[in-house]
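A short write-up of the structure that comes next.
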Amino acid sequence: MQGFTIAGCSHYFGSDFMEKGMKVKLEKEPDNEYDKEAIQVKVKGLGKIGYVANSPFTVKGESMSAGRLYDKIGDKAKGKVVFVVDGGVVCMIVNTGVDKNLNIIDSELQ
């Protein structure tokens, strides 16, 4: 599965409370005035905690940027925290929110 970095946590609740294994929800935000490929990250009980990083300065390691991830997930997807590092939280996608049957059909057509 694909990895991504949560950026901008300092604008919300910080990242001190985040820990390995924590579940996060991804939700596309197509009406974001700054980034048409914005994907917000939410935690149950808190709401928005940041965004999927979309800049070479905020994407950590081999993580995918929001732009690279945007077309690989549905309007909503699920992730899990892998580790917390300075300046970002690295997660993995655990559910793309895309119907698996559609993926099979798409791959057969190509």
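As the structure is a computational prediction, the values presented were derived from the model and not from experiment.
Closest approach of A53 and A7 over heavy atoms only: CB-CB, 3.9 Å. Summarising the geometry of G50 relative to I6, their closest heavy-atom pair is CA-CG2, 4.2 Å, with the distance given to 0.1 Å. Closest approach of G3 to M92, counting heavy atoms only: CA-SD, 3.7 Å. Minimum interatomic distance between V94 and K80 (heavy atoms only, all atoms of both residues): CG1-CB, 3.9 Å. What you find for M18 and I49 is that their closest heavy atoms are CE-CD1, 3.4 Å. Scanning all heavy atoms of the two residues, the minimum distance from P30 to Y70 falls at CB-OH, 3.9 Å.
Atom-to-atom distance recorded for K76:NZ and Q40:CD is 9.5 Å, nearest 0.5 angstrom. Atoms NZ and OG1, from K78 and T96 in turn, are 11.0 Å apart once rounded to the nearest 0.5 Å. Residue C9 holds its SG atom at 6.5 Å from CZ of F17, rounded to the nearest 0.5 Å. To the nearest 0.5 Å, the span separating OH on Y51 from CG on D35 amounts to 9.0 Å.
Y12 is not listed as a side-chain neighbour of L46, based on a closest heavy-atom distance of 4.5 Å or more. The closest side-chain heavy-atom distance from E29 to D31 is below 4.5 Å. Side chains of N54 and I39 form no contact here, defined as non-hydrogen atoms less than 4.5 Å apart.
Under the side chain to side chain contact (heavy atoms under 4.5 Å, CB included) test applied with F4, the options I73, V89, L26, V82 reduce to a single match, L26.
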Original post:
Can you list the steps and then say if K28 with E37 is a side-chain contact (heavy atoms from CB on, under 4.5 Å)?
Top reply: CA-CA 7 Å; K28 290 180 179 178; E37 296 173 322; over 6 Å; no

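Formation of a donor-acceptor pair under 3.5 Å by the T5 side chain with backbone atoms of K60 is found in this model. S65 places a side-chain N or O within 3.5 Å of a backbone atom of R68 that can act as its donor or acceptor partner.
Among pairs with a residue in residues 7-27, those fulfilling salt bridge (charged side-chain N to carboxylate O under 4.0 Å, His left out) read E27-K42, at least two apart in sequence or across chains.
Note: the hydrophobic cluster containing F57 does not contain L69 (ILVMFWY, side chain heavy atoms under 4.5 Å, direct or indirect links). Cluster membership for V90 and V59, using ILVMFWY side-chain heavy atoms within less than 4.5 angstrom, is not shared.
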